[in-house]
Amino acid sequence: MKLFVSILKWVGIVLICLIAISFLLPSKSKVERSLVIQSDAATLFNLVNDLHQWELWSPWHDLDPNMKITYNDIQSGKGASYTWESNSKNVGNGTMEILSSTPNQEILTQMHFGDRGNPTAVFKFTAEGNATKVSWMFEGSSDEVPFYFKPMSKFFGLLMDKMIGPDFEKGLKKLDSVALHSPKITMGKVESIIEMKTQDQNSISLEAECKVEDIGKTLGELYGKIQTKITDNKLEMAGAPCAMYPGFKPGDKQTKIVACIPTKTLCKGKCDEGMTCAVCKATKCIKVKYLGAYESNFIAYEAAQNYIKEHHLEMAGDPWEEYENDPMIEKDPSKYITNVYWPIK
């Protein structure tokens, strides 16, 4: 019995000493890894800025193939988030959110672990010749956890580099591999965002499904058929061609396309299968004017979503695109003009 009491006494002394020492330890912990990747900053930025792409390179997604992931309504950039649930003790449950996003330069993320804290991580993209240096930095603080967990949290902080550093290295190497096989992206810019109301508009639309990589080719075919319809019925175009991609989500391999051309008068001729001649009713919406290559117009959608969120508006349907210039005439992708319209209530 005396031995047992003695052991308890020394265990208590050790614990008190450890707790006392913990008050002398730093409250913040930091982990940083970098890798120079032979890819442009825009391509790498997109792979990190779109949380749906993390499944391709994140070191933690491989820990539990059965992990349940639920994304919010914002596709990428500021405000985008996902929640994960896992029965694996190495994964657990939590939420990942993008707090800020500066195109091709920096992305700030935050993980939410409830009582275990809300650590942040920063991705920085720095051009180095034809390559890009990607730096992944993690920072945690014991100030955010409950008082009873602070001592343990500080000791964990000392081990954080060895615990997380190898994961960062693995993730950056996978990001390098994924970027090697990803289409290169030339980033454009958002020129304006306005709230407006469209007018009633006669139109002819045609639907199809295709692989994502065949969107351009498929749109060309659909517009060709619609143009033939317009010519055969002696109609006139009343504006730029439009397109909608109902239900499309980043990462989808297939997509539904609705190609549309507005007309001055309503076509009353017989429609081919999949073709619709109708009046598009006036609607209130956000209009984002984007200048740049089509493959990077996701930033126009980000801008629309962020505007809607920041101004406490409510989405009221699928967005659509309007193409102001013809890529067959304007050969420079950096000069393509795309207007993204997002209906709101």
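The basis for the numbers below is simple: all heavy atoms, side chains too, and nothing from hydrogens, waters or symmetry mates.
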- Message: Would you say M275 ends up clustered with W320 if hydrophobic residues are merged whenever their side chains have heavy atoms under 4.5 Å apart, either directly or through other cluster members?
- Response: no

- Query: Any idea which heavy atoms bring V258 and S205 closest together, and the distance?
  - Reply: CG1-CB, 4.1 Å

- Would you please test R33 and E169 for salt bridge (charged side-chain N to carboxylate O under 4.0 Å, His left out) and show each step? CA-CA 7 Å; R33 295 292 189 275; E169 294 168 7; 2.7 Å; yes

- Counting N and O atoms only, with roles assigned by atom type, does the side chain of K331 sit under 3.5 Å from a partner on the main chain of M328, one being a donor and the other an acceptor? yes

- Begin with the C-alpha distance, continue with both residues' side-chain angles, and end with the deciding distance and a verdict on side-chain hydrogen bond (donor to acceptor under 3.5 Å, both in side chains) for N202 and T263. CA-CA 5 Å; N202 303 311; T263 57; 5.1 Å; no

- Message: Do F125 and V48 make a side-chain contact, defined as non-hydrogen atoms from C-beta onward lying under 4.5 Å apart?
- Response: yes

- Item | Summary of salt bridge (Lys or Arg N to Asp or Glu O under 4.0 Å) pairs that have at least one residue in residues 274-285, sequence neighbours excluded | none

Return all side-chain donor-acceptor pairs below 3.5 angstrom for residues 97-109, not counting sequence neighbours, or 'none' if the list is empty.
unit_1	atom_1	unit_2	atom_2	d
E97	OE1	H112	NE2	3.3
S101	OG	N49	OD1	2.7
T109	OG1	A121	O	3.3

- Heavy-atom pair with the smallest gap, counting every atom of P327 and N325: CD-O, 3.5 Å

- Might you work through the side-chain contact (heavy atoms from CB on, under 4.5 Å) test for T276 and E207, ending with a clear yes or no? CA-CA 9 Å; T276 303; E207 297 182 9; 5.6 Å; no

- Query: Got a sec, which residues hit side-chain contact (heavy atoms from CB on, under 4.5 Å) with S203, two or more places apart in sequence or on another chain?
  - Reply: C260, C280

- Message: Could you work out, with side chain to side chain donor-acceptor pair (under 3.5 Å) as the rule, every residue matching E314, not counting sequence neighbours?
- Response: K345

- What is the distance from atom CD1 of I37 to atom OG of S177, rounded to the nearest 0.5 Å? 10.0 Å

- Message: For a quick test of reading the model, state the closest non-hydrogen atom pair linking E55 to Y71 and the distance between them.
- Response: OE2-OH, 2.6 Å

- Message: Could you check whether Y290 and S296, counting side-chain N and O atoms only, form a donor-acceptor pair closer than 3.5 Å?
- Response: yes

- Query: Can you tell me if CG on N72 sees more than 12 non-hydrogen neighbours from other groups inside 6.0 Å?
  - Reply: yes

- Note on the structure: What one should report as the nearest heavy-atom pair of V36 and E128 is CG2-OE1, 3.6 Å

- Query: Cut-off 3.5 Å, side chains only: do S86 and D64 have a donor facing an acceptor?
  - Reply: yes

- Query: Looking at NZ of K287 and CD1 of I194, how far apart are the two atoms once the value is rounded to the nearest 0.5 Å?
  - Reply: 5.5 Å

- Message: Show, in sequence, the C-alpha distance, side-chain angles and deciding distance for Y245 and E321, and conclude whether the side-chain contact (heavy atoms from CB on, under 4.5 Å) test is met.
- Response: CA-CA 9 Å; Y245 307 90; E321 300 175 3; 3.8 Å; yes

- Task: I would like to know whether V212 and F248 meet side-chain contact (heavy atoms from CB on, under 4.5 Å); could you show each step before the answer?
- Result: CA-CA 10 Å; V212 171; F248 176 77; 3.8 Å; yes

- For A303 and I193, which heavy atoms make the closest approach, and how far apart are they? CB-CD1, 3.8 Å

- How many angstroms lie between atom CH2 of W136 and atom CG of D167, to the nearest 0.5 angstrom? 7.5 Å

- Query: Do S192 and V288 come within less than 4.5 Å of each other through their side chains, counting heavy atoms only?
  - Reply: no

- Message: Can you tell me how far apart CG (L313) and CD1 (I286) are? Round to the nearest 0.5 Å.
- Response: 5.5 Å

- Under the side-chain contact (heavy atoms from CB on, under 4.5 Å) rule, collect the residues that match up with S58, sequence neighbours excluded. W54, W60, H61

- Task: Answer yes or no: are there more than 12 heavy-atom neighbours, outside D332 itself, under 6.0 Å from its atom CG?
- Result: yes

- Item | Counterpart residues, salt bridge (charged side-chain N to carboxylate O under 4.0 Å, His left out), relative to D318 (two or more places apart) | none

- Can you tell if the side chain of Y336 reaches within under 4.5 Å of the side chain of N297, non-hydrogen atoms only? no

- Flag the pair Y294 / Y323 as yes when their ring centroid distance falls below 6.0 Å, and as no otherwise. yes

- Query: Taking the inter-plane angle between the rings of W342 and Y301 on a 0 to 90° scale, is it parallel (under 30°), tilted (30 to 60°) or perpendicular (over 60°)?
  - Reply: perpendicular

- Message: Quick check: do L235 and I204 have side-chain heavy atoms less than 4.5 Å from each other?
- Response: yes

Do any side-chain atoms of residues 215-230 form donor-acceptor pairs under 3.5 angstrom with protein atoms, and if so which ones, sequence neighbours left out?
unit_1	atom_1	unit_2	atom_2	d
T218	OG1	D214	O	2.8
Y223	OH	C242	O	2.6
T228	OG1	G224	O	3.0
K229	NZ	K270	O	2.2

- Compare all side-chain heavy atoms of T70 with those of Y82 and state whether any distance is below 4.5 angstrom. no

- Query: Which ILVMFWY residues are connected to I337, directly or by a chain of links, through side-chain heavy atoms under 4.5 Å apart?
  - Reply: L291

- Message: Counting neighbours of CD on Q254 that are heavy atoms of other residues, nucleotides or ligands and sit closer than 6.0 Å, is the number greater than 12?
- Response: yes

- Just wondering, do S135 and F123 contact through their side chains at under 4.5 Å, heavy atoms? no

- Shortest non-hydrogen contact from M315 toward I308: CG-CD1, 4.0 Å

- Message: So, using side chain to side chain donor-acceptor pair (under 3.5 Å) as the criterion, who are the partners of E209 when residues are at least two apart?
- Response: none

- Scan for salt bridge (Lys or Arg N to Asp or Glu O under 4.0 Å) pairs involving residues 297-310, sequence neighbours excluded, and state none if there are none. K78-E310

- Message: Taking CE in M196 as the centre, count heavy atoms belonging to other residues, nucleotides or ligands within less than 6.0 Å. Is the count above 12?
- Response: yes

- Quick one: does D50's side chain have a donor or acceptor within less than 3.5 Å of a partner on H52's backbone? yes

- Item | Non-neighbouring partners of D200 that pass side chain to side chain donor-acceptor pair (under 3.5 Å), sequence neighbours left out | none

- Message: Run the side chain to side chain donor-acceptor pair (under 3.5 Å) test against N339 and tell me which residues pass, sequence neighbours left out.
- Response: E322, E324

- Query: Is the backbone of A282 close enough, under 3.5 Å, to the side chain of T198 for a donor and an acceptor to pair up by distance?
  - Reply: no

- Please tell me if the side chains of K170 and D62 come closer than 4.5 Å, counting only heavy atoms from C-beta onward. yes

- Run the numbers on M67 and I69 for side-chain contact (heavy atoms from CB on, under 4.5 Å), then give the verdict. CA-CA 6 Å; M67 176 171 57; I69 300 176; 4.1 Å; yes

- Message: Please report the interatomic distance NZ(K268) to SG(C277), rounded to the nearest 0.5 Å.
- Response: 11.5 Å

- Message: Just verifying a value: how many Å separate N93 CG and K68 NZ, rounded to the nearest 0.5 Å?
- Response: 10.5 Å

- NZ of K133: more than 12 outside heavy atoms within 6.0 angstrom? no

